[in-house]
Amino acid sequence: MALVIGPMIAAVLFGFVVGSRIHLKLEHSFEFTLGAIIALVIFAIFMSWNLGQFPFYNDLPIATTFLSAIVGILLGSALLGKNAQE
Amino acid sequence: MAEDSKRTPNWGQTESTPVLKLTALPVSIIMIALGIMTILGGHITPGGGFQGGAMIAGGIIFSILVYGIDGTPIKLSHKFINALESIGALAYVCLGLVGLLFAGSFLYNVGADFYNIVPAYVTAIFHYPDVTNAGIVPYLNLAVGLKVLVGLSTVVIAFSQFKKLGDDE
């Protein structure tokens, strides 16, 4: 079992780029709270477990690229999401 | 009272139900992550740049449909769309030109080099380090994914703006 790190880094970067345009606090819609983010991460871990070793079938028993993409999106949104308001 | 109205979500702003408004953003984020996963596994599993890009665009479009173009949490600015589209197109053309330069064929897979016609140092640069020996295909998938995600999203953003223009008239 070898952890494939390259696609995980690419997934974080790709997620970061898309996530930088996601603004999680909208006054006229709803506020995406910390609790919701934690629930989303727990759901994502559960989902990646069920996805299995996709797309590389010899590393961890979770979909590492999917989980990395979620981390990237949330990171991008947290760091640069405010710019997406206007 | 004023503070309450600020904190209370204005459910009636678009025609979507509260259930849709509560679930759309998490579902959009999950769809975007699935799209990224599809792009990155495109060289060994069904999927690839176009399919993954379409999935990401699907997440963005879903958000626009539920929250409306003004209220969507995923806002793609003109600059952002321009930059991603340009980076995707340039990356694709540059990867193709490397093949033309070193092997004489546009988009020759210089990373895998099945015919042994490319210098070893070029193959080492573009080699994809996994068991599949996919060469430049994963990089092409990333470039195509960027182009497709902004391309499809732009179509929907443009249509929603046209609707707004029509309403103003």
Side-chain angles (χ1 to χ4, degrees), chain A residues 2 4-32 36-37 39-41 43-44 46-48 51 53-59 62-74 76-77 80-86, chain B residues 5-11 13-14 16 18 21-22 24-30 32-47 52 56 59-60 63 66-68 70-77 80-81 83-84 87 128-132 138-139 142 145-146 149-150 153:
Chain A
V4 188
I5 294 175
M8 286 171 68
I9 297 169
V12 169
L13 288 175
F14 208 119
F16 190 89
V17 169
V18 181
S20 68
R21 300 307 304 173
I22 301 179
H23 185 62
L24 293 181
K25 285 182 181 175
L26 288 176
E27 282 179 10
H28 52 280
S29 181
F30 72 97
E31 194 172 323
F32 204 70
I37 292 171
L40 176 68
V41 170
F43 181 76
F46 177 71
M47 201 171 154
S48 69
L51 280 166
Q53 293 174 310
F54 188 90
F56 304 99
Y57 298 103
N58 57 354
D59 59 350
I62 53 169
T64 47
T65 46
F66 172 77
L67 214 52
S68 307
I70 290 278
V71 170
I73 290 168
L74 293 176
S77 178
L80 299 174
K82 280 180 184 172
N83 301 333
Q85 228 172 345
E86 62 275 347
Chain B
S5 62
K6 216 175 185 183
R7 289 175 67 86
T8 310
N10 184 5
W11 300 119
Q13 199 183 29
T14 59
S16 308
K21 287 198 168 186
L22 276 174
L25 182 57
V27 171
S28 291
I29 291 174
I30 296 281
I32 290 169
L34 277 173
I36 293 171
M37 186 186 79
T38 307
I39 289 173
L40 292 169
H43 59 293
I44 39 174
T45 56
I56 298 172
I60 296 168
S63 219
V66 171
Y67 301 108
D70 294 324
T72 178
I74 308 174
K75 285 205 166 97
L76 304 188
S77 66
F80 182 80
I81 289 171
L84 281 200
I87 290 168
Y128 192 71
D130 75 349
V131 289
T132 57
Y139 308 122
L142 278 171
L146 281 178
L149 99 87
V150 287
S153 308

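Letters A, B, ... are given to chains in the order of the sequence lines, protein chains preceding strands, and every chain is numbered from 1.
- Expressed to the nearest 0.5 Å, how far CG of B:Leu25 lies from CG of A:Leu40 amounts to 8.5 Å.
- The minimum heavy-atom distance between A:Phe14 and B:Gly145, with the atom names listed, is CZ-C, 4.4 Å.
- In this structure, chain A has a heavy atom under 4.5 Å from the side chain of B:Ile44, while its backbone stays farther away.
- For A:Ser48, no part sits under 4.5 Å from any heavy atom of chain B, backbone or side chain.
- Expressed to the nearest 0.5 Å, how far CG of A:Leu13 lies from CG of B:Leu142 amounts to 9.5 Å.
- Taking each heavy atom of B:Leu40 and A:Ala10 in turn, the nearest pair found is CD2-CB, 3.8 Å.
- Side-chain atoms of A:Thr65 and B:Ile39, non-hydrogen and from C-beta on, never get closer than 4.5 Å to each other.
- Taking the side chain as every heavy atom from C-beta outward, A:Phe43 and B:Ile30 approach each other to under 4.5 Å.
- For A:Ala11, the parts lying under 4.5 angstrom from a heavy atom of chain B are both the backbone and the side chain.
- Going from atom CG of A:Leu67 over to atom CE of B:Met37 covers 11.0 Å, rounded to the nearest 0.5 Å.
- With respect to chain B, the highest number of heavy-atom pairs below 4.5 Å among A:Val17, A:Leu74, A:Leu51, A:Val18 belongs to A:Val17.
- One finds the CD1 atom of A:Ile70 at 8.0 Å from the CG atom of B:Leu34 (value rounded to the nearest 0.5 Å).
- When the ring-ring contact (aromatic ring centres under 6.0 Å, His included) test is applied to B:Tyr128, the partners found at least two apart in sequence or on another chain are B:His43, B:Tyr139.
- For B:Leu146, the parts sitting under 4.5 Å from any heavy atom of chain A are the backbone and the side chain alike.
- For A:Arg21 (side chain) and B:Ile74 (main-chain N/O), no donor-acceptor pair under 3.5 Å exists by modelled atom type.
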